[in-house]
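Working notes, beginning with the structure itself.
In what follows, chains are A, B, ... by sequence order, proteins preceding strands, each numbered from 1. Quick caveat: nothing in here was measured; it's all calculated off a predicted structure.
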2 protein chains.
Amino acid sequence: MSMSEKEFLQNYNARDYDAPLMSVDMAIFSVLAGRLQVLLIQRANFPRKGEWALPGGFINLVSDQTLLATAHRKLFEKTGIASPYLEQVATIGNATRDPRGWSVTALYFALIDFKAFQQQESQLLEHCEWIDVEKARVMPLAFDHHELLEAAIERLINKTRYTALPVSLLPALFTLTELQHIYEIILGQSLDKKAFRRRMIEAGAVIETGQSKVVGKRPAQLYRFNAASFDFTFPRSLELPKTQNENVSP
Amino acid sequence: MSMSEKEFLQNYNARDYDAPLMSVDMAIFSVLAGRLQVLLIQRANFPRKGEWALPGGFINLVSDQTLLATAHRKLFEKTGIASPYLEQVATIGNATRDPRGWSVTALYFALIDFKAFQQQESQLLEHCEWIDVEKARVMPLAFDHHELLEAAIERLINKTRYTALPVSLLPALFTLTELQHIYEIILGQSLDKKAFRRRMIEAGAVIETGQSKVVGKRPAQLYRFNAASFDFTFPRSLELPKTQNENVSP
DNA sequence: CGAATAGTGTCTTTCAGACAGTATGAC
DNA sequence: GTCATACTGTCTGAAAGACACTATTCG
């Protein structure tokens with residue numbers, strides 16, 4: 001007896017098969033007080049109630065049209081931000097990461113300007129807090145969120161070496177000194193001012209606006225990101241800091 | 001009334017909740033006859049029965065311990081290869097990609113030495129074939145596998161520009177001329193011999209073995225990949241070919 | 001004026017591209 | 001010897017690093 005695809009689909013019910021749990025987790029980064037911060041929540045529900053974790057949740061099969069839409073929804077629920085930089089980092093799945101059963105999570109990372117962040121009233125039941133990344137990476141976190149956080153940090157650092165990604169941590173207009181500071185915070189290394197400015201300007205990653213802003217003494221030019229180069233990559237990576245005293249001779 | 005995590009888990013049944021379909025798809029690349037090839041299957045079952053697709057399937061919640069293990073199992077079932085280069089490309093999920101319902105797939109890409117490939121007897125019911133990548137990317141493919149294939153190809157080309165990844169398409173010992181040919185096939189551009197050899201050797205990506213191999217006239221040194229630099233990246237990307245006649249003046 | 005921050009001039013270093021040259025072995 | 005393939009020498013050029021320099025504003 002042969003069957004058509006239509007007949008097959010009429011008889012098919014996804015609930016007849018076991019499927020893993022499928023969630024989305026978010027590593028939301030921002031810079032505050034000269035430090036890279038990540039948004040963590042304190043879980044309000046079982047499992048791992050009370051423990052710190054990356055924000056996340058399940059796909060709403062009715063209202064979410066895509067996995068990316070789920071990530072956008074989660075981010076908006078937590079931060080009130082609708083147009084952040086958002087990128088998938090990795091998808092981790094195994095039988096042991098969640099006590100409820102075989103579980104898969106898609107990890108996204110987001111970069112936001114801290115000033116655009118707004119605590120969402122609808123989320124007050126779940127305590128959420130910006131935590132210094134260096135502190136977060138040594139805190140005990142629920143599930144395998146320590147590994148997820150490390151993967152997101154590694155991606156951020158890597159892309160900072162060869163893209164203009166960190167502009168997404170600043171408002172639309174910024175000075176090159178501000179941008180350089182963000183790079184230095186992420187990379188944990190100081191950068192040469194001239195080389196940094198030359199790289200950004202000559203590659204066309206940022207555009208002078210003609211406006212200026214007074215922060216300290218002399219007013220500084222305001223730049224904006226060149227949207228035309230959103231997935232631009234520099235031809236070379238920023239060099240690693242010279243590690244002194246490697247293989248010191250006695 | 002308060003509840004412990006143990007009680008919560010005793011009352012929890014994943015099947016009480018709707019979950020998306022979760023699958024793993026594979027873009028398995030190899031080089032044959034001087035061309036990049038991808039392994040495609042002709043679907044033996046509904047939906048999309050008879051159409052060409054990337055090999056893939058569902059997680060076996062009992063025997064697969066991790067998502068990566070599912071990818072390894074799929075690869076082994078198709079090719080008999082147990083230790084390939086295997087990397088996750090992306091995870092795509094939406095409500096419309098599979099007629100059976102909300103579906104998520106984790107896409108992996110694998111690079112294998114064609115000579116290590118063996119048709120698996122257990123897989124004979126599902127016709128599988130190596131297809132020239134340039135042909136595969138214009139063939140009609142089931143589901144959204146055209147997009148998945150494009151994503152895998154893009155990742156392969158990008159990583160070829162700044163890593164030694166293509167060594168995984170060759171046997172353990174290879175000549176630098178062979179490796180350069182692989183690079184040229186993937187990038188679709190010719191590379192300078194001196195620059196290529198200098199880059200590979202000076203960065204320590206490959207190691208001279210002292211053995212040699214006669215292919216044409218003069219015997220060539222055999223090299224092996226330096227496993228110590230598995231996630232090594234070159235400080236610069238290979239340059240794009242000079243596009244002539246861009247903005248030709250009249 | 002000095003202090004502080006913004007921004008530049010210019011030399012060096014690193015590493016890829018170009019391309020002509022030499023080396024080795026089959027015939 | 002010739003031919004084909006393997007391999008090298010060396011110049012150029014692009015872009016990053018180093019660091020001293022000038023410019024602008026506040027007080």
Inset, instruction - Can you figure out which of C/dT8, D/dT8, C/dC15 approaches the side chain of B/Lys194 most closely? - result: D/dT8
Inset, instruction - Among C/dA6, C/dA18, D/dA18, find the nucleotide with the atom closest to the side chain of A/Asp192. - result: D/dA18
Inset, instruction - Take A/Arg97 and A/Ile92 through the side chain to side chain contact (heavy atoms under 4.5 Å, CB included) test and state the conclusion after the steps. - result: CA-CA 9 Å; A/Arg97 59 183 300 276; A/Ile92 286 92; 4.2 Å; yes
Roughly how many Å is it from [atom1] in [X] to [atom2] in [N], rounded to a whole number?
X: B/Lys193; N: D/dT8; atom1: NZ; atom2: P; value: 10 Å
X: A/Ile201; N: D/dA14; atom1: CD1; atom2: P; value: 19 Å
X: B/Leu187; N: C/dA16; atom1: CG; atom2: P; value: 14 Å
X: A/Glu239; N: C/dT14; atom1: CD; atom2: C1'; value: 7 Å
X: B/Leu176; N: D/dA6; atom1: CG; atom2: C1'; value: 10 Å
X: B/Arg161; N: C/dG17; atom1: CZ; atom2: C1'; value: 13 Å
X: A/Met200; N: C/dT8; atom1: CE; atom2: P; value: 15 Å
X: A/Gln189; N: D/dG17; atom1: CD; atom2: P; value: 8 Å

Legend entry - Pairing of A/Arg197 and A/Glu202 as salt bridge, 4.0 angstrom limit: no
Inset, instruction - Before accepting this row, confirm whether a basic side-chain N of the pair B/Asp192/B/Lys194 lies closer than 4.0 Å to the acidic partner's carboxylate O. - result: no
Inset, instruction - Establish, with yes or no, whether the OP1 or OP2 oxygen of D/dC7 is under 4.0 angstrom from a side-chain nitrogen or oxygen of B/Arg197. - result: yes
Inset, instruction - Give a yes or no on this: more than 12 heavy atoms of other residues, nucleotides or ligands lie within 6.0 Å of atom CD of A/Glu147. - result: no
Inset, instruction - Fit a plane to each ring of B/Phe225 and B/Phe230, take the angle between them on a 0 to 90° scale, and name the class: parallel (under 30°), tilted (30 to 60°) or perpendicular (over 60°). - result: perpendicular
Legend entry - Heavy-atom donor-acceptor pair, B/Arg236 side-chain to C/dA16 base, under 3.5 Å: no
Legend entry - Test applied, side-chain hydrogen bond (donor to acceptor under 3.5 Å, both in side chains); reference residue, A/Lys78; option that passes from A/Gln120, A/Gln119, A/Glu126: A/Glu126
Inset, instruction - Would you mind classifying the nucleic acid contact of A/Gln221 as base, sugar-phosphate or nothing, using non-hydrogen atoms under 4.0 angstrom? - result: sugar-phosphate
Inset, instruction - Look at all strands and tell whether B/Arg199 reaches a base, only sugar-phosphate, or nothing, counting heavy atoms closer than 4.0 Å. - result: sugar-phosphate
Inset, instruction - Would you kindly check if the NZ (Lys) or CZ (Arg) of B/Arg199 is within the cone defined by 45 degrees around the ring axis of B/Phe234 and under 6.0 Å from the six-membered ring centre? - result: yes
Kindly give the atom pairs (protein nitrogen or oxygen, nucleotide nitrogen or oxygen) under 3.5 Å for nucleotides 24-27 of chain D.
{"from": "D/dT24", "atom 1": "O4'", "to": "A/Arg218", "atom 2": "NE", "distance (Å)": "3.4"}

